[in-house]
Peer 1: 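Got a structure for you, written out below as structure tokens; questions coming shortly.
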Amino acid sequence: MLGRIGSLLGVVFVLLTACQKEPAVSTQMEESFYVRNGDADIPAFVYGNGASKVFILVVHGGPGGNGLEYRGGTYSEQLEEKYAMVYTDQRHQGNSHGHLAESEVTIDAMVEDLHLTVKTLKERYGNDISIFMMGHSWGGTLGTAYMIKEDYQNELAGWIEVDGAHDIPMLNIELVKMIQTIGGEELAAGNNTADWTEMIDFVNGLDTNNITSDQGGTLNGYGHRIEGLLSQLHESNGASPGLLNYLFFTPNNPATSGLSGLVLPKAFMDEVEAKSMTDDLHKITIPTLLQWGKYDFVVPPALGYSAFDKISSTNKYLKIYEHSAHSPMNNEPDLFVKDIVTFIDTYK
Amino acid sequence: MKKLSLILLLVGIGLSAKAQSDFLENKPINVGYFGYYYLHPGIKIGTQYDWRSWEKRKEKKKKTVVKNKSLFISPQVGFYVHPKNHSGLLFNADFGYQRAKQKHGFYQAYSIGLGYLTQFNAGTTYVNEGGTITAKKWASRGYLMPSLNMEFGQQINDKMGWYAKGTLASKLFYNTGASAETFLELGMKFNLGKF
């Protein structure tokens, strides 16, 4: 009996999995692969126009997010129509898995994962493809750490930093200033006075030279909360594919992904909170596009201006979106995509 | 972990073999849909061995209500596919308590499970081996997976019944901790010896 059961399971196994063909470069790619780096298995989900030979490697935010969160809204539809988008997860986040010691969860280990992913993309799709890395928020921290390590950036055709947090201590200081300044203006105008009073009182009590990770977390929460208070912003167009679809019909596993992101090791979170790369930005020499929301209270635009000044590349651009907050891809998707297309078509 | 998988498999085979002797009499084979996060499809096959059972009678007005209760062990093997993410092969044993009403054959069961899940990455896995990238199909990792289960169903006649089972589980030593998983099963139980 057990033999028959085993045979039946074997047949089911083969039937359920036999239809996986890869790699299949086309104008409508829809496939996944993994990169195994030591004890971590890192997934990459590839969608869009691979025939363009241009691959945008999305480095997600967080820490604790996942790549497929960025596959939503009109911006990703537009970009997938022109290029292949690679939504990858970082170790201990998203759908990545493995048996990790806490000491293996570091920014440098994640940089090595990205390096391996870039090499794998070329191994899989050919050395003639152009890879652009796009890091949003925390993805801007990680992407910057990649850019300044050895000669890794030379594997890429360009770097796109979207509201990226490449200097967390600076971020916190600038955020305090922004809350005091714009919050003060909103208070004077009588807008959302209870919210602004609470936040201004909090930041006025901070020692900006010594902001703890807990205080940083509170500031980050304020940053997201403020997005709901400002009338200057365009309505977010970051429509997800729908909750049920997201939960049950995509390669994503939101519950497992969410839990992994919530329980990141404290030593790693402390490393993130102290990460400052402003002094190393001069090492970036490849074409760079910096995209920032004017009303980004999570990663203030001051970091974008600072990066623009410090990056050595002669081909660098800073785009500030007047009606956007932390995610200009959702607030002003058409303009956001137009700038990316112009950049990529120039440097691919 | 591979050794543990083997042990669990052997335990399952052992239990099945023990059940084999009186299987033709009244031990069921369960075959059912095994849905990872409900909608990612799979199949699960198992059996159940009652290692202790008793009957409880209660007098109610003019009738006697009879309930059959048991403590059971249920070895199972399951397989599912989460498209473009992974496939899972599970060897599992549930240990639980079941109570059934004799009149209509409805029953409920509560159990804890201990399983070993082999998670196969979808597509190719590119392995970094000292700076060289090697492509591998069916790369996998194994996870110990305890679970909590609630099941209800009905013995329709002496040949067959149906069941529905919900499971909350956690892969242990997953990243640096544990994961959260859920499964839904819908299936039939057959007493093959009665056909």
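Any value given below was found using the heavy atoms of this structure, including those in side chains, with hydrogens, waters and symmetry copies removed. None of these values were measured; they are calculated from a predicted model. Below, read A as the first sequence line, B as the second, and so on, with proteins coming before strands; counting in each chain starts at 1.
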Peer 1: Name the option with the most non-hydrogen atom pairs under 4.5 Å to chain B; the candidates are A:Asn37, A:Asn95, A:Val105, A:Asp39.
Peer 2: A:Asp39

Peer 1: Is the backbone N or O of B:Phe72 less than 3.5 Å from a side-chain atom of B:Ser70, with the two atoms forming a donor-acceptor pair by type?
Peer 2: no

Peer 1: Would you mind telling me which of A:Lys119, A:Arg91, A:His92, A:Gln93 has the largest number of heavy-atom pairs within less than 4.5 Å of chain B?
Peer 2: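 Sorted descending by pairs with chain B, the first entry is A:His92.
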
Peer 1: Is B:Ala135 in contact with chain A via its backbone, its side chain, both, or neither, using a 4.5 Å heavy-atom distance?
Peer 2: neither

Peer 1: Given a strict heavy-atom distance threshold of 4.5 Å, which part of A:Ala44 is in contact with chain B: side chain, backbone, both, or neither?
Peer 2: neither

Peer 1: In Å, rounded to the nearest 0.5 Å, how long is the span from CG of A:Asp41 to CG of A:Asp89?
Peer 2: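 Rounded to the nearest 0.5 Å, the CG-CG separation comes out at 12.0 Å.
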
Peer 1: Can you tell me if B:Lys101 has over 12 outside heavy atoms packed within less than 6.0 Å of its NZ?
Peer 2: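 No, because the 6.0 Å sphere around NZ of B:Lys101 holds 12 heavy atoms or fewer from other groups.
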
Peer 1: If we define contacts as heavy-atom pairs under 4.5 Å, which of B:Gln119, B:Glu129, B:His86 has the most with chain A?
Peer 2: B:Gln119

Peer 1: Could you tell me which portion of A:Glu30 (side chain, backbone, both or neither) has an atom closer than 4.5 angstrom to a non-hydrogen atom of chain B?
Peer 2: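 Looking at A:Glu30, backbone and side chain both touch chain B.
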
Peer 1: Counting distance only, does the side-chain N/O of A:Ser96 pair as donor-acceptor with the main-chain N or O of A:Gln90 below 3.5 Å?
Peer 2: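 Judged by distance alone, yes, a pair lies under 3.5 Å.
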
Peer 1: Would you call the rings of A:His97 and B:Tyr174 parallel, tilted or perpendicular if under 30° counts as parallel and over 60° as perpendicular?
Peer 2: parallel

Peer 1: Against chain B, work out which of A:Thr117, A:Val35, A:Leu116, A:Leu264 has the most heavy-atom pairs shorter than 4.5 Å and name it.
Peer 2: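 Option with the top pair count is A:Leu116.
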
Peer 1: Please classify the contact between A:Ala101 and chain B as side chain, backbone, both or neither, with a heavy-atom cut-off of under 4.5 Å.
Peer 2: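 For A:Ala101, backbone heavy atoms alone lie under 4.5 Å from chain B.
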
Peer 1: Is it the case that B:Lys189 places NZ or CZ above or below the six-membered ring of B:Tyr163, under 6.0 angstrom from the centre and within 45 degrees of the axis?
Peer 2: yes

